[in-house]
Amino acid sequence: MRVRREKMAAFEAQGIEPFARKYDVTIHADEVLAKFEALEGQTVRIAGRIMAVRGHGKTSFVHLMDMSGKVQAYFRQDVVGEVEYEKFKLLDIGDIIGIEGVVFKTQRGEISLKTTSFEILAKSLRPLPEKWHGLKDVETRYRQRYLDLIVNPDVRNTFVTRSKIIKSLRSILDKRDYLEVETPMMHPIAGGAAARPFITHHNALDMDLFLRIAPELYLKRLIVGGFERVYEVGRVFRNEGISVRHNPEFTIVELYQAYSDYQDLMCLTEDIVSGIALEVLGTTQITYQGQEINLAPPWNRMTMTEAVKKYTDVDFDAITTIEEARSIADTLGVRYEKKNGIGGILNNIFEDKVEEHLIQPTFIIGHPTEISPLAKRNKDNPEITDRFEVFIFARELANGFSELNDPIDQEGRFASQVEQRESGDDEAHMMDHDYVNALEYGLPPTGGLGIGIDRLVMLLTDSPSIRDVLLFPHMRHKE
RNA sequence: GACUCACUAGCUCAACUGGCAGAGCAACUGACUCUUAAUCAGUAGGUUCGGGGUUCGAUUCCCCGGUGUGUCACCA
């Protein structure tokens, strides 16, 4: 670093700013390579970071990397001149420079630029990680993502793909006449999911606010307001553990469609996920962590009790008392709590015994009402709801249901959530009178859906950890 | 939060049972006008994550702490 500062000073001594103001770029690296025949012999201007230098006395080669890729530049003392060539020798790997040069092909056949002039645009005062092995230390990769992006091209690709996935999602929904909206991130009442919230404080109003755990209740207010199709892509915050598939803030898309039910939204979910895969990857047949996964619709559909029966041989539809449910859970070695009813125990068994088997895309439907306080009850069985969850590679990817639009039922469900909350369940819903009030004006029959974007990106980029698809994953603060 | 494994030069990694802390890349000096992990000769670079203990002697063994990986718990 000391040497690099001296080199910086050497530029300054010649009246050259080592941190420039502007460079007029006419081309990017990938275009030079792609359009070589048309460009050969022409002068172009390119800017980027020096990634490698190979000096041969009075001639040198460098690899210049820009947003699009790398291209080689060739420096000759007899072309740029003796004075300029001395300046060139002050450059380091990592420096950002602008080059004007003529497109040509070397004797070894590499498309390159014969530099006629160059400018230093930003001196790099710290050395880059090693060129061959790259940066492997995961902690440094996450804490200093910019270094990871400079030296590990795969990482860059992952985030380019992430951006394409979200663009594709928006275009699919926009084509279907969905309105993209933005709702508050700071909520007086944290609702729409079962999760512990982050708490913050508004000074002027002297009130605590919660970072949203889901946009659900606001989006449904908009359906009440007459927007028939809305969606929001945004961050939600849950004050819970961190793991390979959990980050305290993560990105979700939630959408609501009036006059539809959960069956319609299951088809929509298939269309969205397979449509994105087709547009971004060109196929619905993907490989995730060595496992072939077929995203082409239709996906498997199973009720939760069918799934439990398939993998445990227990028929929960035949169970009528909490004692029976508990005894089955005991036999299977599945834990439960006092607050769990039959539905809660069924769900625990599902999570413990079934989820791990759901590798190919699978809709699980008919969740117990007990664990679905915002979903509409099934017409034939009020103990279950018209709800679905999507599992792929044993992970929940999406959740949707026919929305509960009966304000009286909703108020009752909130009341029982509040009871659970008072008996110590801090993930149970709070009473939201304002939301019930909105329902009292009339929520049309509506289907809703939420998809975890980070998990979708993991799947489509074959990333083993959610941290690999978040530019700056949550880390402990380090001095 | 519990357990587990890891932390050595800017980066990637060595160092046997506790015995002088090393290599490659990067850097520096020199040679070299078509190289591409350029090559050749040389030079420099360390609080071995921090603190304590055991020992004649600790990168190595023990304890406490930090950060991270993984698994579990909570959850999506």
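Every value quoted in this text rests on a predicted model; they were computed, and no experiment measured them. Below, chains carry the letters A, B, ... as their sequence lines are ordered, and counting in each starts from 1.
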Base, sugar-phosphate, or nothing for A:D92, non-hydrogen atoms under 4.0 angstrom? sugar-phosphate
| query | If you look at every strand shown and take non-hydrogen atoms under 4.0 Å, does A:G241 touch a base, only sugar-phosphate, or nothing? | reply | base
For this session: Cation-pi check, A:K114 to A:F104: give yes when NZ or CZ is under 6.0 Å from the six-membered ring centre and within 45° of the ring axis, no otherwise.
Result: yes
So the stems of RNA chain B, runs of at least three Watson-Crick or G-U pairs (under 3.5 Å), are B:1-3 with B:70-72, B:5-7 with B:66-68, B:10-13 with B:22-25, B:27-31 with B:39-43, B:49-53 with B:61-65
Within the structure shown, what part of the strands sits under 4.0 Å from A:R476 by heavy-atom distance: base, sugar-phosphate, or nothing?
sugar-phosphate
* Mind checking whether A:Y74 and A:F61 have parallel, tilted or perpendicular rings, split at 30° and 60°? -> parallel
> Across the strands shown, which category fits A:A194 at heavy-atom distances under 4.0 angstrom: base, sugar-phosphate, nothing?
Replying inline: sugar-phosphate
- prompt: B:rA76 base stacked by A:F250? Criteria: ring centres under 5.5 Å, plane angle under 30°.
  reply: yes
Q) When we call it a touch if two heavy atoms are under 4.0 Å apart, what does A:E427 touch: a base, just sugar-phosphate, or nothing? A) sugar-phosphate
Considering every strand and a 4.0 Å limit on heavy-atom distances, what is the contact class for A:D426: base, sugar-phosphate, or nothing?
nothing
Base, sugar-phosphate, or nothing: which does A:G134 touch, judged by heavy atoms less than 4.0 Å apart?
-> sugar-phosphate
>> Between B:rU33 and A:R76, counting only base atoms on the nucleotide and side-chain atoms on the residue, is there a donor-acceptor pair under 3.5 Å?
In response: yes
Open item on the list: Applying a 4.0 Å non-hydrogen cut-off, can you work out what A:R245 is touching in the nucleic acid: base, sugar-phosphate, or nothing?
Closed with: base
Sugar-phosphate only, base, or nothing, as touched by A:E110 at under 4.0 Å among non-hydrogen atoms
base
Quick one about A:E403 and A:T446 (side-chain donor to acceptor, distance below 3.5 Å, no hydrogens or angles considered), yes or no?
no
Next on the checklist: Students often get this wrong, so: under 4.0 angstrom with heavy atoms, is A:L397 touching a base, only sugar-phosphate, or nothing?
Outcome noted: nothing
Subject >> Rounded distance in Å between the P positions of B:rC20 and B:rU59 >> reply: 10 Å
Check: Between A:R108 and B:rU36, does any side-chain N or O lie under 4.0 Å from OP1 or OP2?
Finding: yes
| Salt-bridged, A:R301 to A:E306, with N to O below 4.0 Å? | no
- Task: Using a heavy-atom cut-off of under 4.0 Å over every strand shown, decide if A:R141 touches base, sugar-phosphate, or nothing.
- Result: nothing
#### Entry: N or O in side chain of A:R467 less than 4.0 angstrom from B:rU69 OP1/OP2
yes
Over 60° means perpendicular and under 30° means parallel, so tell me whether A:Y178 and A:Y231 are parallel, tilted or perpendicular.
perpendicular
Would you indicate what A:D137 reaches in the nucleic acid, counting non-hydrogen atoms under 4.0 angstrom: base, sugar-phosphate, or nothing? sugar-phosphate
- Message: At 4.0 Å (heavy atoms only), tell me whether A:R455 reaches a base, stays on the sugar-phosphate, or touches nothing.
- Response: base
**OP:** May I ask you to say whether A:D454 pairs ionically with A:R162, meaning some side-chain N is under 4.0 Å from a carboxylate O?
**Re:** yes
### Task
Answer with base, sugar-phosphate or nothing: what part of the nucleic acid does A:V151 contact at a heavy-atom distance below 4.0 Å?
nothing
- Message: Measuring to OP1 and OP2 of B:rC11, would you say a side-chain N or O of A:K131 lies under 4.0 angstrom away?
- Response: no
Establish, yes or no, whether the cationic atom of A:R395 lies under 6.0 Å from the six-membered ring centre of A:F393 and within 45° of the ring axis.
no
